[in-house]
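A short worksheet on the structure shown next.
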Amino acid sequence: KLAFAASLRAPRARFEGPFSVVERPADGLETVTQKWADVTGDEGGFTLCNDSRYGCDALGGRLRVTLVRNAYSPDPCSDRGVHRIQLAFEPHGPVEDAAECVRRGLAFNRPLLAAPARGAASCGEAWLELPRESGVVCTSLCRAAGGEGIVARLFEARGRRERVQVRLARSPRQVCPVNLLDEPLGPPLAARGRAVPLSFRPFEVKSLRVTLGP
């Protein structure tokens, strides 16, 4: 295990689950997490992002991440060989937004990639924008499976009801809610120019298949 510690008063531990953020007692028991874990006290705290290790335990102001396991079952050869692990330790103030933790974990696991391009470079508007102050996060943006358009996967990360306007690069020809298999869930949504208004329940996931206009 690798430990990070801070002198914190009344520490609280948070861990990332599938489209959720869970607060648990900082009692030393190991729990699963995804791309980050966080410990926050009255005066401040820190977030620990990781790219490949998903077991953590928090005890007071100490947060440990499990680096290697040596279980005999079901895999008697688990975790053998060379491991390359990346972690990011980020201190913060007494209030750290759960949506910001999710964004940091995503950014750490999906760094920007540079690629050579032919012709003149073009820096247009972002394909999709969300208000920074909102708790809604876009977790993926990909081509629709077996059809035209782009699928955007959004979820509310603060555990509260929220209204948000998704802004697109151009006015959409159609915005259709879909399930996790990119199958339509209902009638197309009404867009207001380049903006699509949405309402979210706590930790709700919404997937949209967007076809942009000319």
Side-chain angles (χ1 to χ4, degrees), residues 15-21 32-36 49-54 84-86 88 97-214:
F15 304 90
E16 184 187 31
F19 297 107
S20 64
V21 177
V32 295
T33 191
Q34 290 190 328
K35 293 176 284 295
W36 60 271
C49 298
N50 84 91
D51 70 340
S52 56
R53 292 297 178 266
Y54 309 111
R84 292 178 175 86
I85 302 163
Q86 294 189 88
D97 183 35
E100 188 61 27
C101 290
V102 172
R103 294 187 187 103
R104 288 180 180 178
L106 284 168
F108 184 72
N109 278 259
R110 304 173 190 175
L112 292 175
L113 301 176
R118 296 180 179 179
S122 175
C123 296
E125 291 192 66
W127 199 93
L128 180 147
E129 286 185 89
L130 290 163
R132 188 71 181 190
E133 65 274 11
S134 87
V136 178
V137 178
C138 179
T139 63
S140 66
L141 196 63
C142 60
R143 293 188 182 277
E148 184 185 8
I150 299 291
V151 171
R153 195 100 57 218
L154 313 170
F155 97 102
E156 196 288 317
R158 291 177 181 155
R160 64 183 71 167
R161 293 183 178 273
E162 186 157 356
R163 294 179 180 271
V164 68
Q165 290 208 30
V166 179
R167 186 174 177 84
L168 304 170
R170 299 195 304 273
S171 296
R173 190 163 73 243
Q174 187 182 70
V175 180
C176 183
V178 295
N179 61 19
L180 296 179
L181 299 177
D182 295 352
E183 299 168 340
L185 283 178
L189 303 177
R192 299 173 183 171
R194 294 164 53 189
V196 181
L198 297 173
S199 296
F200 285 82
R201 298 190 301 273
F203 297 121
E204 183 181 7
V205 181
K206 287 184 182 291
S207 298
L208 307 177
R209 187 172 67 197
V210 181
T211 306
L212 293 181

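All values below were derived from every heavy atom in this structure, side-chain atoms included, with hydrogens, water molecules and symmetry-related copies excluded. It should be emphasised that the depicted structure is a prediction, and the values quoted were computed from it without experimental measurement.
Across all their heavy atoms, A191 and V196 have their closest contact at CB-CG2, 4.2 Å. Between P172 and G193, the closest heavy-atom pair is CD-O, 3.3 Å. Taking each heavy atom of P131 and V164 in turn, the nearest pair found is CD-CG2, 3.5 Å. Heavy atoms only, all atoms of each residue included: G105 and W36 are closest at CA-CD1, 4.3 Å. Shown here for A152 and L141, the closest heavy-atom pair between the two residues is CB-CD1, 3.6 Å. Closest approach of F108 and A88 over heavy atoms only: CE1-CB, 3.6 Å.
Proximity of L168 to L212: side-chain heavy atoms (C-beta onward) are separated by under 4.5 Å at one or more points. At a threshold of 4.5 Å between non-hydrogen side-chain atoms, the residues V21 and F15 do not count as touching. Proximity of V205 to F19: side-chain heavy atoms (C-beta onward) are separated by under 4.5 Å at one or more points. Counting only heavy atoms from C-beta outward, the side chains of S199 and R161 never approach each other to under 4.5 Å. R209 is listed as a side-chain neighbour of P184, based on a closest heavy-atom distance under 4.5 Å. No side-chain heavy atom of T139 sits under 4.5 Å from any side-chain heavy atom of L154. For the pair S134/E162, a side-chain contact is recorded, criterion being any heavy-atom separation below 4.5 Å from C-beta on. When side chains are defined from C-beta on, V175 does not count as touching P188, because their heavy atoms never get closer than 4.5 Å.
How far SG of C176 is from CG of L185: 7.5 Å, rounded to the nearest 0.5 Å. From F200, atom CZ reaches atom CZ of F155 across 10.0 Å, with rounding to the nearest 0.5 Å. Here the straight-line distance linking atom CG of D51 with atom CZ of R110 works out to 13.0 Å at 0.5 Å rounding.
Listed by first then second residue, pairs satisfying side chain to side chain donor-acceptor pair (under 3.5 Å) with a partner in residues 182-195 read E125-R194, N179-E183, not counting sequence neighbours.
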Practice task
With side-chain contact (heavy atoms from CB on, under 4.5 Å) as the test, would you mind laying out the steps for L128 and V166 before giving the verdict?
Solution key: CA-CA 7 Å; L128 180 147; V166 179; 3.7 Å; yes

Practice task
Start with the C-alpha distance between R103 and V137, add both sets of side-chain angles, then the distance that settles side-chain contact (heavy atoms from CB on, under 4.5 Å), and finish with yes or no.
Solution key: CA-CA 7 Å; R103 294 187 187 103; V137 178; 4.2 Å; yes

Handout entry: Verdict with supporting geometry, E100 and R132, side-chain contact (heavy atoms from CB on, under 4.5 Å)
Key = CA-CA 9 Å; E100 188 61 27; R132 188 71 181 190; 2.8 Å; yes

Practice task
In sequence, state the C-alpha distance, the side-chain angles, and the governing distance for R153 and C138, and then conclude on side-chain contact (heavy atoms from CB on, under 4.5 Å).
Solution key: CA-CA 6 Å; R153 195 100 57 218; C138 179; 6.0 Å; no

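A donor-acceptor contact shorter than 3.5 Å links the side chain of N50 to the backbone of Q34. In this structure, E16 contributes its side chain and K35 its backbone to a donor-acceptor pair below 3.5 Å.
Salt-bridge check for R163 with E156: failed, with every basic side-chain N at 4.0 Å or more from each acidic carboxylate O.
With sequence neighbours excluded, the residues that form a side-chain hydrogen bond (donor to acceptor under 3.5 Å, both in side chains) with K206 are E204. For R53, the side-chain hydrogen bond (donor to acceptor under 3.5 Å, both in side chains) test picks out H83, with sequence neighbours left out.
Looking only at atom types and distance, the side chain of R173 has no donor-acceptor partner in the side chain of T211 under 3.5 Å away.
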